[in-house]
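Inspection log for the structure reproduced underneath, given as structure tokens.
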Number of protein chains: 2
Amino acid sequence: MKQTKDENTEEQILDAAKNVFQTKGMEGARMQEIADNAGINKAMLHYYYRSKQLLFEAVFKNAFSLLAPQLNAILNDDSSIENKIKHFTASYISFIVKHPYLPNFIIQELNRKPDFILKLKENKGFPNLEKFKKQVAIEVEKGIIKPISAEQLFINILALNIFPFVAKPLILAFTNTNKKAFKQLMIDRKTEVSNFIINSIKNT
Amino acid sequence: MKQTKDENTEEQILDAAKNVFQTKGMEGARMQEIADNAGINKAMLHYYYRSKQLLFEAVFKNAFSLLAPQLNAILNDDSSIENKIKHFTASYISFIVKHPYLPNFIIQELNRKPDFILKLKENKGFPNLEKFKKQVAIEVEKGIIKPISAEQLFINILALNIFPFVAKPLILAFTNTNKKAFKQLMIDRKTEVSNFIINSIKNT
DNA sequence: ATATTTGTTAACCAAATGGTTAAACCGTAT
DNA sequence: ATACGGTTTAACCATTTGGTTAACAAATAT
């Protein structure tokens, strides 16, 4: 059972590393803590991933590869802008509830080392705005939606969906809500946000 | 000239610490780097601020005390919702251009230690939603704006204004723009965002 | 002038941390 | 049985890091 053994430890490490890196960040994470979390010796981390940096990159790429398809959904499918927004908002918020540390982790680490995203950009499947731009231009021309640049619309969609999770501690404090009420707020946003956006851009 | 000398070093330290902490975070920052940045000996940091933790807290509170009044502007002044949004959006974006690392710094550190905000909450001047809630309720009732909860509206305003700066590396990559074009996008947002919000909520 | 308080520095320290090594373990093939 | 490959561990190492100390400098008070 050599094979399965390998993959088991390797995955256990990756999983433990994910938890530690995503909550503490690259600088805050400790190799010892990851090892403890995975229930193994610290030397094993290096046996499988060579260095903290490489282990981190494995975790990061993994995280990003979960996020990217979410974004591509809105950029590359063929439904109308309105439908895309509805669908994306609902599905993205469900997605984040399952991976609560993910957006903050990615944003935090990209701010620390902004060049890191260049490596990812070469990958097939890296989100690309071209198709979305054309679609927005067409719907604007047809008068379906009000004039807006695709970039600004895209930023707005991301902002409204992602920000509340990234700024969760701030929002908890400002709105004076507990975690349960926060979760309800987020659930409400599944429809709230898409209505908000569509109200704003749709021609009547 | 003891007095001026003191305050000079103390402020030099705080300024250097601000730069290092805001770009590298608590965990990534090194006391030596702060000392070098301030052009002084490492021991001086401890002479004036006792520990890394206390120096960090000084920087953090300072940063937060810059941000809080920005938020209070929208929560506590007496103009209409529409005017508040217009004013806040324009002034907040100008503010951030001057302090680009600030929002990310605050968000990052609050996610690391979410309880830290409890200390701030006791302070006079901590943003409070009560007045804004009433105002939204009134304008909804009068039919000036469409029905929306004050919390959701507040989150949306923050999201649309703050998110682009926090997620700058992501947005640069997705929209394939350089820093100059990004800056232009942000300037455009001064009116873009407030129109976007007002379009969405205003009754016609 | 001189003592005293305040500011500053260089040298030092203990703990933590990422990483290495050499030996042990264990399933498999010979 | 035994040799061999990958896997796992405990002990170890070098460096970094936040923090301290003791002596020195400079300003202020007596």
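In the text below, chain A, chain B and the rest are named by the order of the sequence lines, each starting its count at 1.
- Remark: the B:Gln32 side chain and the B:Asp36 side chain contain an N/O donor-acceptor pair separated by less than 3.5 Å.
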With side chain to side chain contact (heavy atoms under 4.5 Å, CB included) as the criterion, how do B:Ile155 and A:Arg189 come out once you've worked through the C-alpha distance, each side chain's angles and the decisive distance to 0.1 Å?
CA-CA 10 Å; B:Ile155 292 172; A:Arg189 285 182 76 78; 3.4 Å; yes
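- The side chain of B:Arg30 lies closest to D:dT17 when the candidates are C:dT17, D:dT8, D:dT17.
- A:Ala29 comes within 4.0 angstrom of sugar-phosphate atoms only, judged by non-hydrogen atoms across all strands, and of no base.
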ring-ring contact (aromatic ring centres under 6.0 Å, His included) between B:Tyr49 and B:Phe56, worked out
CA-CA 9 Å; B:Tyr49 291 91; B:Phe56 171 80; over 10 Å; no
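- Taking atom OH on A:Tyr48 and atom P on C:dG18, their separation rounds to 20 Å, with Å as the unit.
- As rounded to whole Å, 9 Å separates atom P of C:dG18 from atom CD of A:Gln32.
- Position along DNA chain C of the nearest nucleotide to A:Ala43 versus A:Met26 favours A:Met26 as the more 5'-ward residue.
- Among the protein residues, B:Met31 comes within range of the sugar-phosphate backbone only, with heavy atoms under 4.0 Å from sugar or phosphate atoms but none that close to a base.
- To the nearest angstrom, C1' of C:dA16 lies 12 Å from NZ of B:Lys52.
- Between D:dG18, C:dG19, C:dT9, one nucleotide has an atom nearer to the side chain of B:Asn41 than all others, and that is C:dT9.
- For A:Asn104 and B:Arg112, the side-chain atoms include no donor-acceptor pair closer than 3.5 Å.
- When distances run from any side-chain atom of A:Tyr47 to the nucleotides D:dG6, D:dT9, D:dG19, the shortest one goes to D:dG6.
- Across the protein-nucleic acid pair, A:Leu45 atom CG and C:dT17 atom C1' stand 13 Å apart, rounded to whole Å.
- Atom-to-atom, CD of B:Glu27 to P of D:dT16 comes out at 19 Å; the value is rounded to the nearest Å.
- Pairing analysis of DNA chain D (Watson-Crick: purine N1 to pyrimidine N3 plus N6-O4 or O6-N4; G-U wobble: N1-O2 and O6-N3; both under 3.5 Å) yields stems of 3 or more pairs at C:1-30 with D:1-30.
- In this structure, NE2 of B:His46 is placed 17 Å from P of D:dA22, rounded to the nearest angstrom.
- Minimum atom distance to the side chain of A:Lys42 is reached by C:dG18, of the listed D:dT8, C:dG18, D:dG18.
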Test side chain to side chain contact (heavy atoms under 4.5 Å, CB included) on B:Phe154 and A:Ile171 and set out the steps.
CA-CA 9 Å; B:Phe154 182 63; A:Ile171 291 175; over 6 Å; no
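- A donor-acceptor pair under 3.5 Å links the side-chain atoms of A:Lys52 to the main chain of A:Ala29, judged by distance alone.
- The interatomic distance linking B:Met44 (CE) with D:dC24 (C1') rounds to 13 Å, in whole Å.
- D:dT16 atom C1' lies 14 Å from atom NZ of B:Lys24, rounded to whole Å.
- Comparing D:dG18, D:dT8, C:dT8 against the side chain of A:Thr9 picks out D:dT8 as the nearest.
- Looking at B:Asp188 and B:Gln184, their side chains do bring a donor and an acceptor atom within 3.5 Å of each other.
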